[in-house]
Amino acid sequence: MAIIFLIAIINPLYAQNINGKIFNSEHAPISDVSIVLNYKVIAKTNAEGHFTLTEQYELPLNLKLEHPDYYIKTVTLSQYKSDFQLTALDKTEDLEKVIISSTYQKESKVIIPTTKISSQKFNEYSPTDLVSAINETPGVFIQSGALNTNRIVIRGVGSRTLYGTNKIRAYFNGIPITNGTGETAIDAFDPEDLENLEIVKGPKATQYGTNLGGTLLLNSKTALEGETYIKNNFTVGSYGLIKNSLSLATANEKLTFNINYDHLETDGYRDNSNYNRNAFLLTSSYKFNAKNEIGVLVNYTDYDAQIPSSISKSAFEEDPSQAAFTWGSAQGYEDNKQILTGINYTHRFSETFSNTTSIFYSYLDHYEPRPFNILDEFTNGYGARTLFAKDFKFLESNANLSFGGELYKDEYHWKTIENRYEDNNGNGSLEGELLSDNIEKRNNLNVFATVTLPFTEKLKAQLGINMNTTNYNFKDEFNLDENNKNADRDFDPIFAPNLNVVYQFTPTLSAYANVSRGFNYPSIEETLTPEGVVNPELGPETGFNYEIGSEIYLFNSALHMQLSAYLLDIDNLLVADRVGEDQYIGRNAGKTEHKGIELSVLYTHMFSNGFYISPYVNAELSDNKFINFVDDDNDYSGNELTGVPDTKINGGIHIGFKNLVLNTNFLHVGDMPLDDANTLNSDPYTVFNAKLSYTKDITEHLFIGLNAGLNNFTDESYASSILINAVGFGNSEPRYYYPGMPRNWFGGIKIGYTI
C-alpha cells in the first residue's frame, strides 16, 4: 500500500491524458457530446469534436456517447480506437430522456456498489476458467471440483449445499437460469461469450428475487452499432486441452445479430475425468422504431463429463489424480443436453415510461450413472417476466419507479435405475431394474417494486419490496396403493423488504448502507421424510442482511477503494441429513450468524510512453458461526460454519506496454471446517497464475492476438473443493477432498476480421 501511494505522489507528471474524437456520418465534428462512464459524465467534446479525459483511467473503457440530436452509442475506448461516429436522429426520435427499460432486464439497478466483472477480466485467465475471475470478488467463493462441479458460496450462504449451487438466483440476458428448487449451474455458459457478470451479494436486488446468497446477472457479448466482425480463438493446453470459439456478429441502427459456437475437450488431470462440450449461442434484436424493440435468445449446450468424485485424505496425500474407487469402477459420468430460449419485447409508452416483457423456455436432459444407482431425468421449465420503469420528478430531481412480476414453472421427471457395474466385466455402468419413477412440479411467483428517490443532491434512497409464493407437487409413478408417496406442499407467502441508502460526500467519496430481508426454500426432496411423507413443519430459511460501506477515488481516480462490513442473521437453517449413500432429508436446524469485512483496492498508473502498471488486492475476513444448532444429541452451537474459510485474499499486478500485457494473480484461501463438530479442517493454500498476451493490427480490418499462461506455477497441492460432513460406508474412509489442478499451461491464437 505504501508503494502505491509513493508512486502516486512522486510521479503525477508522467500521467498521460486520453484523447478521442466524435464525428457524424459526413465526418464533420460534433460538439457538446457527453462522454459517460458508469452513469457519470466525465468529459464533453469541444467545437472540433475532440474530448480529453484528464483523470487517469485503465484502458479499455466502455463508454456511452450521448447527444440530444444523435442516437446514444456504447463504445469501447482503447489505445487503438479513439474516433467514433454517431448517427443523427430523425426529428421525431429524440431518445435523450427515454428509459431503455431493457437494461432493467440485464442490470440490477441497485444504487449501492455491486461487483461487475467485465469481459476484460475474463480475458486475464484461461478461456476455460470462469471460476477464477469470479473468485476475485471479496465475499464470493466458488469451490470447483471439476469443470461441471461448482459450488458458489456468497458470504457463507450456500456452503452446506453438498453438490452444486443453490441459495442464489441467476439470470442470463434477463432470463432465469435457476430452476424451481433454487439450483443454479453456471458451467453451461462459456466465459468467452460473456460481456459482463454482475454480482449482488445478499438479498438486495428486489426485482430479481431476494435469495439470501444473492444474485448473478450474466450478459452475453453483442456487436456495437456499426460493427461487423468474425473472430476465432483457438486454445491448447495441459492434459489434452483443446478449445475453439468462433463468433460472428453485426449491428446497425435497427438490427443486432450475434452467433457463437464453442468446442471444449480435455482429458482431465484425474482418472475418469474426460470432458467434452459443444455450445451454441444466438442473440438478436430488432428495433421497429423508437418505441418498439424485440429480442431473441437461444443457448444450447451439450456435454459429456466423466466424474472422478471426491477422495479420502489418504488417497489425496498418496495420489490426488486417482478417482474414487467406486466411481472409477462404475466409470461414472454425466451426459447433459440443455437449451435456454427466450423472446423479449420492449415498448416505450412515452419518454419516461416503458415496459419490457419476456417469455422463456428451458429444457434439461440429464443422464448420470453413479455407483449406487443411475439417475435419468429431464426438466421442462417455462415462464414469463415483465418489468415497468417510470421516471418522475421528486423534490425537483429525477426519481424512478420500477415494478413487475416473474412467474416460473418447471416439471421435473426423474427415475433411478439399478447400476449393475459390478456384473459388467469391467465395462462400467450397466442398467438393471427400475428403482423409482417420479414427477415434480414446482411453481414460483415473484412480484416486486422498487422506488429510487433523491432527497437532496447528495442523499439518495432506494426502497424495494418482493413478495414470493412457492408450491411443490410430487407424484410417485412407481409405488402403488398404500406405498404411493404422492405429496403437495404450499408455502406461505414471504414478504422481503429492502432499503439502500447512499450519501455522496464529494464526487469521489460516498458512503452507503443496506437493510434487507431474504429467504431460501428447501428442495422438494428435503421436504420429504425418509418414508417419503411430506414434513409440513419444514419451512424456508429466512434472514436479515445489514451492511455499511464506503467507496472512494483518489489521485484523479487512479486509486479506487471500496470497504464494506456486513452482518447476516439466518433463522430456520436448512440442514441436509445424510441417511444413506444418496439419501438426504431436510431439517430446520437452528440459526447462523455471518459477519465480515471486505476490501477492494485498485491502483492504475499510466506513463507517457504507453507503459502502465496496475496492482490490485481483494480481501475478506469473515466469522461465520452456528448460533443455535442441535443435531440429535450433538450441540454444535458456537462452532464455526462448515465449509467456509475465514480468510480469502486475491491480488495481482497488471503490466502493459503498447500491445503487450502481463497479468499475474494469486488466490489465498484459509482453512475450512470439514464437519459440524469442527474436529477436522482443510489446509490453507495459495495458488499463483500468470498470463502474457500480445495483440497486433495487421491491417485496418484484420487483427491477431497471441497468449500463453501458466496456472498454479508453484505446483501447490490443494483441495479446490471439499465435501462437508462426509461419511465412510462400511470400512471405507470418508471422502472429503476434490483435488485441485497441479501446474498446468495453456496457449492460444485469436484472429479477427472487422468490416
Side-chain angles (χ1 to χ4, degrees), residues 22-27 62-67 69-76 81 83-96 98-107 119 172-175 190 192-196 218-232 245-262 279-300 339-349 351 354-361 385 387 389 700-701 752-755:
I22 312 298
F23 52 88
N24 62 18
S25 59
E26 299 178 350
H27 286 271
N62 292 322
L63 303 172
K64 277 189 177 180
L65 309 180
E66 299 181 355
H67 190 282
D69 298 326
Y70 293 83
Y71 282 100
I72 297 172
K73 187 172 185 178
T74 301
V75 301
T76 300
K81 181 67 174 176
D83 295 351
F84 305 100
Q85 178 181 322
L86 294 184
T87 302
L89 291 168
D90 294 335
K91 291 183 179 180
T92 59
E93 296 181 338
D94 186 346
L95 301 182
E96 183 189 26
V98 171
I99 298 171
I100 311 299
S101 65
S102 58
T103 64
Y104 279 79
Q105 295 291 91
K106 296 184 177 182
E107 301 174 4
S119 58
F172 183 71
N173 284 2
I175 293 177
D190 180 37
E192 291 191 83
D193 292 343
L194 297 181
E195 178 62 31
N196 56 65
L218 294 79
N219 293 304
S220 64
K221 292 179 179 177
T222 58
L224 301 176
E225 185 179 319
E227 272 191 325
T228 298
Y229 63 77
I230 182 171
K231 299 177 182 178
N232 192 83
S245 293
L246 177 66
S247 59
L248 172 67
T250 186
N252 56 36
E253 295 177 12
K254 289 186 174 293
L255 175 70
T256 67
F257 179 84
N258 300 267
I259 186 169
N260 303 316
Y261 170 75
D262 175 75
F280 170 86
L281 172 66
L282 167 68
T283 61
S284 183
S285 66
Y286 183 77
K287 184 182 295 182
F288 297 99
N289 49 47
K291 291 182 175 293
N292 298 283
E293 182 177 348
I294 192 170
V296 64
L297 162 72
V298 178
N299 187 79
Y300 176 75
I339 189 168
L340 177 71
T341 62
I343 298 175
N344 66 77
Y345 192 87
T346 297
H347 177 71
R348 302 177 180 97
F349 302 98
E351 292 185 349
S354 62
N355 170 260
T356 293
T357 296
S358 60
I359 58 175
F360 44 84
Y361 169 76
R385 175 179 173 85
L387 188 143
E700 183 180 354
H701 301 286
Y753 186 81
T754 303
I755 299 175

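Worth knowing before you read on, the calculation uses all heavy atoms, side chains too, and leaves out hydrogens, waters and symmetry mates.
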Peer 1: As a quick check of understanding, evaluate side-chain contact (heavy atoms from CB on, under 4.5 Å) for S247 and Y229, giving each step before the final call.
Peer 2: CA-CA 8 Å; S247 59; Y229 63 77; 4.1 Å; yes

Peer 1: Starting from the C-alpha separation in whole Å, work towards a yes-or-no answer on side-chain contact (heavy atoms from CB on, under 4.5 Å) for L282 and Y300.
Peer 2: CA-CA 9 Å; L282 167 68; Y300 176 75; over 6 Å; no

Peer 1: Quick check: closest heavy atoms across A251 and T256, and the distance to 0.1 Å?
Peer 2: CB-CG2, 3.9 Å

Peer 1: Is a side-chain N or O of K254 found less than 3.5 angstrom from the main chain of F288, in a donor-acceptor match?
Peer 2: yes

Peer 1: Evaluate L340 against L297 for side-chain contact (heavy atoms from CB on, under 4.5 Å), listing each step before the verdict.
Peer 2: CA-CA 8 Å; L340 177 71; L297 162 72; 4.2 Å; yes

Peer 1: T754: which residues meet the side chain to side chain donor-acceptor pair (under 3.5 Å) condition with it, sequence neighbours left out?
Peer 2: none

Peer 1: Begin with the C-alpha distance, continue with both residues' side-chain angles, and end with the deciding distance and a verdict on salt bridge (charged side-chain N to carboxylate O under 4.0 Å, His left out) for R348 and E293.
Peer 2: CA-CA 9 Å; R348 302 177 180 97; E293 182 177 348; 3.5 Å; yes

Peer 1: For a quick check under 3.5 Å, do T76 and N62 share a side-chain donor-acceptor pair by atom type?
Peer 2: yes

Peer 1: Without swapping roles, check the side chain of K291 against the backbone of T346 for a donor-acceptor pair under 3.5 Å.
Peer 2: no

Peer 1: At what distance, to the nearest 0.5 angstrom, does CG of N260 lie from CG of L248?
Peer 2: 9.0 Å

Peer 1: Minimum heavy-atom separation for E192 and D262, please, with both atom names.
Peer 2: OE2-OD1, 4.3 Å

Peer 1: May I ask you to test the N299-I339 pair for a side-chain heavy-atom distance under 4.5 Å?
Peer 2: no

Peer 1: Of all heavy-atom pairs between I175 and G342, which one has the smallest distance, and what is that distance?
Peer 2: CD1-CA, 3.5 Å

Peer 1: About how many Å separate OG of S358 and CD1 of I294, when rounded to the nearest 0.5 Å?
Peer 2: 11.5 Å

Peer 1: Write down the atom of T283, the atom of L281, and the distance for their closest heavy-atom approach.
Peer 2: CG2-CD1, 4.0 Å

Peer 1: Using the side-chain contact (heavy atoms from CB on, under 4.5 Å) rule, take E225 and E253 through it: C-alpha gap first, then chi angles, then the decisive distance, then the call.
Peer 2: CA-CA 6 Å; E225 185 179 319; E253 295 177 12; 3.5 Å; yes

Peer 1: What distance separates D193 CG from S220 OG, expressed to the nearest 0.5 Å?
Peer 2: 7.5 Å

Peer 1: Can you name the side chain to side chain donor-acceptor pair (under 3.5 Å) partners of N258, sequence neighbours left out?
Peer 2: none

Peer 1: Could you tell me the separation between the OG atom of S119 and the CG atom of N196, rounded to the nearest 0.5 Å?
Peer 2: 8.0 Å

Peer 1: Do N355 and Y345 have a side chain donor and acceptor closer than 3.5 Å?
Peer 2: no

Peer 1: So, N344 versus T356: side-chain donor-acceptor pair below 3.5 Å or not?
Peer 2: no

Peer 1: Measuring from Y361:OH to T341:OG1, what's the distance to the nearest 0.5 Å?
Peer 2: 7.5 Å

Peer 1: Is it true that F349 and H347 have ring centroids separated by less than 6.0 Å?
Peer 2: yes

Peer 1: To the nearest 0.5 Å, what is the distance between CD1 on I259 and OG on S284?
Peer 2: 10.0 Å

